[in-house]
**Q** 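Below you will find the structure I want to go over with you.
Naming: A, B, ... by sequence-line order, numbering from 1 per chain.
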Number of protein chains: 2
Amino acid sequence: MNAEFRCSCPITSAIDMIGDKWSLVVIKNMLFFNLKTFKELSEANEKIATNILSSRLKGLEEKGFISKTKPSNNKKTNLYILTEKGLSLIPIIIELAIWGDTNLQNVHPSLDRDNPIEYIKLNKEKFVGVFKNQYLDNVAEITL
Amino acid sequence: MNAEFRCSCPITSAIDMIGDKWSLVVIKNMLFFNLKTFKELSEANEKIATNILSSRLKGLEEKGFISKTKPSNNKKTNLYILTEKGLSLIPIIIELAIWGDTNLQNVHPSLDRDNPIEYIKLNKEKFVGVFKNQYLDNVAEITL
DNA sequence: TATTTTTGCTTGCATTATAAAAGCAAAACA
DNA sequence: TGTTTTGCTTTTATAATGCAAGCAAAAATA
């Protein structure tokens with residue numbers, strides 16, 4: 001057994017890979033809010049500590065979920081961009097969104113509900129593609 | 001903001017609820033392997049420590065994902081059974097299974113692949129129902 | 001009935017993950 | 001030429017998880 005995996009179960013192994021407290025949150029903020037820099041990510045609603053953000057970005061890059069580049073006009077700011085592998089997590093993120101939206105209102109009164117989750121439920125597969133294309137369009141715009 | 005939730009995002013809140021290292025693993029072992037007792041769960045492939053298992057079972061019961069009962073013929077053994085709320089996590093678990101199966105073979109050579117995930121991919125919604133009914137049938141049998 | 005084994009835990013301690021706050025160098029800006 | 005911004009690192013504290021042992025009540029066995 002690989003040291004980083006508890007066993008040979010694909011579900012448990014997926015959790016070993018991206019099941020920490022922050023990885024999917026960072027990826028979600030890149031995907032849905034187009035956050036791309038260290039500063040933007042550190043200022044997101046979840047208020048991740050900068051040392052944790054730093055270590056998560058390194059880990060996500062090592063694992064191939066994101067890539068780190070510098071824009072041509074700026075030597076300081078790094079851009080963190082989701083790779084195809086990062087985008088492959090969209091179906092998981094959508095299911096988490098639907099589940100949270102459906103099951104957490106009673107215990108979490110201030111939960112955001114101004115989102116189109118009812119539409120997403122009607123055709124999940126379609127929205128996987130929609131979110132992916134939206135993201136890729138946005139990246140293409142930025143890296144002009 | 002509720003103290004147990006980082007923010008109002010349903011995705012982040014879902015992770016706050018079930019995004020620890022063990023909750024979904026325990027639920028998966030109940031769902032797919034019909035594990036029902038403390039002993040069975042402690043002997044699963046993932047080798048959870050008994051103190052962690054104990055605290056997870058308490059937490060999952062408090063949150064309404066499982067219920068704890070004693071079978072009529074045994075005063076010692078407890079049975080932990082998934083509730084409807086616990087079963088509502090099936091779509092998330094299925095996406096984790098598909099993602100792990102599709103994306104982890106290269107980094108995890110001993111990953112289990114003797115499962116019907118290719119079929120599941122073809123009709124996810126259907127298999128949510130299939131797994132739920134299989135589980136409920138099994139529970140009905142046990143609690144005769 | 002007496003003894004052994006099993007079950008479902010708890011306790012204590014070690015390690016790893018996360019958090020909070022401050023600091024800091026290089027680049028960008030004024 | 002300061003001053004601010006960015007992208008971190010460092011330090012120290014707390015929380016989550018892991019490991020090993022222990023233990024009482026119930027069940028199984030002799």
**Q** What residue among A:I94, A:V130, A:V128 forms side chain to side chain contact (heavy atoms under 4.5 Å, CB included) with A:I120?
**A** A:I94

**Q** Expressed in angstrom and rounded to an integer, what is the separation of A:I48 atom CD1 from C:dA20 atom P?
**A** 11 Å

**Q** Sub-3.5 Å donor-acceptor pair from the side chain of A:H108 to the main-chain atoms of A:N103, do we have one?
**A** no

**Q** Rounded off to whole Å, could you give me the CG-to-P distance for the A:L53 and C:dA21 pair?
**A** 17 Å

**Q** Expressed in angstrom and rounded to an integer, what is the separation of A:N78 atom CG from D:dT6 atom P?
**A** 12 Å

**Q** Return the CG to CG distance between A:D101 and A:L111, rounded to the nearest 0.5 Å.
**A** 6.5 Å

**Q** Using a 4.5 Å cut-off on heavy atoms from C-beta on, say whether the side chain of B:L60 contacts that of B:V26.
**A** yes

**Q** For B:K58, report the nucleic acid contact type (base, sugar-phosphate, nothing); a contact means any heavy atom under 4.0 Å.
**A** sugar-phosphate

**Q** Do the ring planes of A:F131 and A:F32 sit parallel (below 30°), tilted (30 to 60°) or perpendicular (above 60°)?
**A** perpendicular

**Q** Would you say B:K85's side chain and B:K63's backbone share a donor-acceptor pair under 3.5 angstrom?
**A** yes

**Q** Can you pull every protein N or O that's under 3.5 Å from an N or O on nucleotides 10-15 of chain D?
**A**
none

**Q** Give B:K47 one of three labels, base, sugar-phosphate or nothing, depending on what nucleic acid heavy atoms sit under 4.0 Å from its own.
**A** nothing

**Q** Encode nucleotides 24-30 of chain C as B, S and - characters from 5' to 3', where the letter depends on protein heavy atoms closer than 4.0 Å: B to the base, S only to sugar-phosphate, - to neither.
**A** --BSS--

**Q** Please determine which of B:N29, B:N138, B:T77 meets the side chain to side chain donor-acceptor pair (under 3.5 Å) test together with B:K36.
**A** B:N138

**Q** Examine C:dT7: is either OP1 or OP2 under 4.0 Å from a nitrogen or oxygen in the side chain of B:Y80? Give yes or no.
**A** no

**Q** Nearest whole Å is fine: how far is D:dG7 P from A:E61 CD?
**A** 14 Å

**Q** At 4.0 Å (heavy atoms only), tell me whether A:K68 reaches a base, stays on the sugar-phosphate, or touches nothing.
**A** sugar-phosphate

**Q** B:I52 CD1 to C:dC9 P: how many Å, rounded?
**A** 15 Å

**Q** Would you indicate whether A:K75, at its atom NZ, is surrounded by more than 12 heavy atoms from other residues, nucleotides or ligands within a distance under 6.0 Å?
**A** no

**Q** Ignoring hydrogens and geometry beyond distance, is a side-chain donor-acceptor pair present between B:K121 and B:T102 at under 3.5 Å?
**A** yes

**Q** Among residues 21-43 of chain A, which residues get a heavy atom nearer than 4.0 Å to DNA chain D?
**A** A:T37, A:F38, A:K39

**Q** Output yes when B:E46 and B:K28 qualify as a salt bridge under the 4.0 Å nitrogen-oxygen rule, no when they do not.
**A** yes

**Q** Does A:T37 reach the main-chain N or O of A:L79 with its side chain, forming a donor-acceptor pair under 3.5 Å?
**A** no

